[in-house]
There are 2 protein chains.
Amino acid sequence: MRSNDNYSKDSTKLDEARNRFISEIAKNIHLYNITPSAGRLYGTVFFSKEPMTLDDMSKAMAMSKTSMSTGIRSLLDAHMVERVWERGIRKDLYKVEGDWYKSFSNVFINRWKNATELNMSAIQETKELLHELIQETEYEEIRNEAKEDLEKLTEAEDYYYWLIDVIALFETGKIFDIVPKRSRK
Amino acid sequence: MRSNDNYSKDSTKLDEARNRFISEIAKNIHLYNITPSAGRLYGTVFFSKEPMTLDDMSKAMAMSKTSMSTGIRSLLDAHMVERVWERGIRKDLYKVEGDWYKSFSNVFINRWKNATELNMSAIQETKELLHELIQETEYEEIRNEAKEDLEKLTEAEDYYYWLIDVIALFETGKIFDIVPKRSRK
DNA sequence: TGTTACGTACAGTTTTTTCTGAACAAACTT
DNA sequence: AAGTTTGTTCAGAAAAAACTGTACGTAACA
């Protein structure tokens with residue numbers, strides 16, 4: 001059985017190589033607001049030759065099907081994987097979105113856009129509250145504090161306006177005119 | 001005590017306004033790889049008229065001094081707050097970095113640069129492992145799988161090269177030529 | 001030099017998040 | 001229509017993270 005031993009040895013090496021990459025992805029994926037576990041799932045599907053079913057993933061990752069279900073859903077929401085159909089197969093099949101520019105940029109844009117807009121409206125709401133307080137209060141001290149707060153918030157607001165512009169750069173794809181895609185194809 | 005009641009009422013209003021903003025910051029700060037709790041701490045120091053000591057923060061946030069210590073350290077590492085000295089005061093004093101462009105962009109750049117470089121070197125290492133395997137293995141099947149992996153990784157690599165270029169845009173400040181700062185001063 | 005004030009390391013506790021298996025519902029098969 | 005197969009919901013278990021108080025080292029003060 002010498003050659004069989006070699007085969008499993010090489011097979012293990014392949015797995016180890018893949019794991020090297022998967023682990024690193026998982027470690028940094030939180031910047032995209034995705035859990036490490038879902039990151040590993042992404043990596044697993046990434047290397048799969050064929051689209052995978054939940055059962056395939058469950059087996060490959062030695063984790064429950066439930067976790068695969070929730071994990072793949074988060075990747076699906078983030079448009080990092082997509083569902084594919086194959087005739088004769090009843091189970092749902094998933095594969096990774098092949099275009100990294102698309103999948104990763106989209107996640108990034110959505111997360112940041114969302115966060116920025118929320119922060120922005122929080123600023124505006126806070127400013128309104130402070131304006132009201134300045135009008136209403138009879139205490140000079142409070143009025144002054146509120147005014148200082150308003151100034152600080154206005155500076156923060158400027159930053160967020162800028163950030164929104166930056167995000168738009170990515171959203172519209174103009175960023176690719178400035179920093180061209182690197183494609184060796 | 002009528003006027004005293006009014007004062008505490010207005011004072012509460014001021015706090016509520018500030019809290020509105022702080023809570024939102026805390027909710028989204030994780031995109032900068034900072035814990036919500038440290039985000040709230042940031043917000044607290046942000047609104048403080050004077051630089052704060054650990055004891056001030058502890059009191060203001062009703063949390064242990066230990067937590068303030070670790071929280072402020074993470075903000076310090078991220079250059080979102082800075083230490084200031086005042087003569088006659090032995091305790092460490094902290095205030096927020098006033099320039100949001102500076103503080104938030106820096107955090108963003110550092111986190112992303114770091115993550116991207118790690119991912120990039122993981123890709124390169126994985127590619128090397130795969131090249132070795134292709135050379136060594138006697139099994140056509142494994143060789144083919146490895147070759148497919150290599151192709152996929154090369155595509156990912158292109159994306160990361162691009163991402164590094166994008167990050168450089170922010171690092172060098174060229175982004176401000178493209179998307180100018182919004183300043184109403 | 002002794003004393004006090006200050007920040008942080010560490011171990012244990014609490015809180016939050018992640019993961020799992022059982023039960024369920026919808027869709028397919030026969 | 002009855003019986004499978006498949007994905008998801010939900011409550012509880014396991015794991016991870018955040019928080020706290022005690023204890024300690026260092027630096028300022030007297």
Side-chain angles (χ1 to χ4, degrees), chain A residues 22-23 25-45 48 50-78 80-95 111, chain B residues 22-23 25-45 48 50-78 80-95 111:
Chain A
I22 291 175
S23 298
I25 286 276
K27 222 177 285 169
N28 297 120
I29 199 79
H30 67 93
L31 288 172
Y32 296 89
N33 210 10
I34 288 172
T35 62
S37 187
R40 304 220 3 253
L41 180 56
Y42 177 85
T44 305
V45 181
S48 172
E50 303 295 330
M52 295 179 84
T53 67
L54 290 180
D55 288 316
D56 293 339
M57 301 171 204
S58 181
K59 199 177 164 193
M61 294 188 67
M63 283 177 73
S64 74
K65 200 174 166 184
T66 306
S67 296
M68 300 304 100
S69 178
T70 55
I72 209 75
R73 177 191 282 263
S74 75
L75 294 175
L76 208 52
D77 289 348
M80 292 180 67
V81 301
E82 51 189 3
R83 213 185 241 149
V84 290
W85 278 270
E86 270 177 41
R87 41 168 292 150
I89 295 179
R90 272 175 65 186
K91 302 186 184 186
D92 294 355
L93 291 167
Y94 299 91
K95 72 178 182 74
R111 305 290 191 219
Chain B
I22 292 175
S23 297
I25 286 276
K27 223 178 282 169
N28 296 121
I29 199 81
H30 67 93
L31 289 172
Y32 296 89
N33 210 11
I34 288 172
T35 62
S37 187
R40 296 189 55 88
L41 180 57
Y42 176 85
T44 305
V45 180
S48 173
E50 303 294 331
M52 296 178 85
T53 67
L54 291 181
D55 287 317
D56 294 338
M57 301 172 204
S58 181
K59 199 176 165 194
M61 293 189 66
M63 283 177 73
S64 74
K65 201 174 166 184
T66 308
S67 295
M68 299 304 100
S69 178
T70 55
I72 209 77
R73 176 190 282 262
S74 76
L75 294 174
L76 208 52
D77 289 348
M80 292 180 67
V81 302
E82 51 190 5
R83 214 186 240 148
V84 290
W85 278 269
E86 270 176 41
R87 41 170 292 150
I89 296 179
R90 272 175 68 186
K91 302 186 184 187
D92 294 354
L93 291 168
Y94 298 91
K95 72 178 183 72
R111 305 291 190 216

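The chains referred to below are lettered A, B, ... by the order of the sequence lines, with proteins before strands, and numbering in each begins at 1.
- Taking the side chain as every heavy atom from C-beta outward, B:Arg111 and B:Ile34 approach each other to under 4.5 Å.
- Looking at B:Leu54 and B:Lys91, their side chains never come closer than 4.5 Å, going by heavy atoms from C-beta outward.
- Within 4.0 Å of A:Ser37, counting heavy atoms only, lie sugar-phosphate atoms of the nucleic acid but no base atom.
- B:Asp56 contributes a side-chain N or O that, together with a main-chain N or O of B:Thr53, makes up a donor-acceptor pair within less than 3.5 Å.
- Side-chain atoms of A:Ser58 and A:Asp55 include no donor-acceptor pair closer than 3.5 Å.
- For the OP1/OP2 pair of C:dC19 and a distance below 4.0 Å, the side-chain nitrogens and oxygens of A:Ser67 include no atom meeting the criterion.
- Distances shorter than 4.0 Å separate none of the side-chain N or O atoms of A:Thr70 from OP1 or OP2 on D:dT8.
- Rounding to whole angstrom units, CG of residue B:Asp56 and C1' of C:dC6 are separated by 14 Å.
- Contact annotation: A:Thr35 does not reach the phosphate of C:dT17 (side-chain N/O to OP1 or OP2, under 4.0 Å).
- For the pair B:Ile25 and B:Ile29, the minimum side-chain heavy-atom distance is below 4.5 Å.
- Taking each heavy atom of B:Val84 and B:Tyr94 in turn, the nearest pair found is CG2-N, 4.4 Å.
- Side-chain contact between B:Thr44 and B:Met57 is absent, with no heavy-atom pair separated by less than 4.5 Å.
- When side chains are defined from C-beta on, B:Val81 does not count as touching B:Met52, because their heavy atoms never get closer than 4.5 Å.
- Using a 4.5 Å cut-off on side-chain heavy atoms (C-beta onward), A:Ser67 and A:Met61 make no contact.
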Which pairs, protein N/O on one side and nucleotides 2-6 of chain D N/O on the other, fall under 3.5 Å?
unit_1: D:dT5; atom_1: O2; unit_2: A:Arg90; atom_2: NH2; d: 3.2

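- Of the inter-residue distances, the one linking B:Lys95 atom NZ with B:Glu50 atom CD reads 11.5 Å to the nearest 0.5 angstrom.
- Computed from coordinates, the B:Leu41 CG to D:dC19 P distance equals 11 Å when rounded to whole Å.
- Rounding to whole angstrom units, CD1 of residue B:Ile72 and C1' of D:dC19 are separated by 16 Å.
- Between B:Ser23 and B:Arg40, the closest side-chain pair of non-hydrogen atoms falls below 4.5 Å.
- For A:Ser64, no side-chain nitrogen or oxygen approaches OP1 or OP2 of C:dC19 to under 4.0 Å.
- When rounded to the nearest whole Å, the span between CE of B:Met63 and P of D:dA18 equals 11 Å.
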### Query
According to the Watson-Crick and G-U wobble definition with distances under 3.5 Å, which dot-bracket string, read 5' to 3', encodes DNA chain D, using [ ] for crossing pairs and | for pairs with another strand?
||||||||||||||||||||||||||||||

With the criterion being N/O to N/O and under 3.5 Å, what pairs connect the protein with nucleotides 10-15 of chain C, and how long is each?
none

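- Distance B:Met52 CE to C:dG7 P: 13 Å, rounded to the nearest Å.
- Taking atom CG of residue A:Asp77 and atom C1' of nucleotide D:dT8, one finds them 14 Å apart after rounding to whole Å.
- Closest to the B:Arg73 side chain, of the nucleotides C:dA9, D:dA18, C:dT20, is C:dA9.
- To the nearest 0.5 Å, the span separating NE2 on A:His30 from CG on B:Leu31 amounts to 10.5 Å.
- Rounded to whole Å, the distance from NZ on B:Lys59 to C1' on D:dT20 is 20 Å.
- Summarising the geometry, the separation between CE on B:Met68 and P on C:dA9 is reported as 16 Å, rounded to the nearest angstrom.
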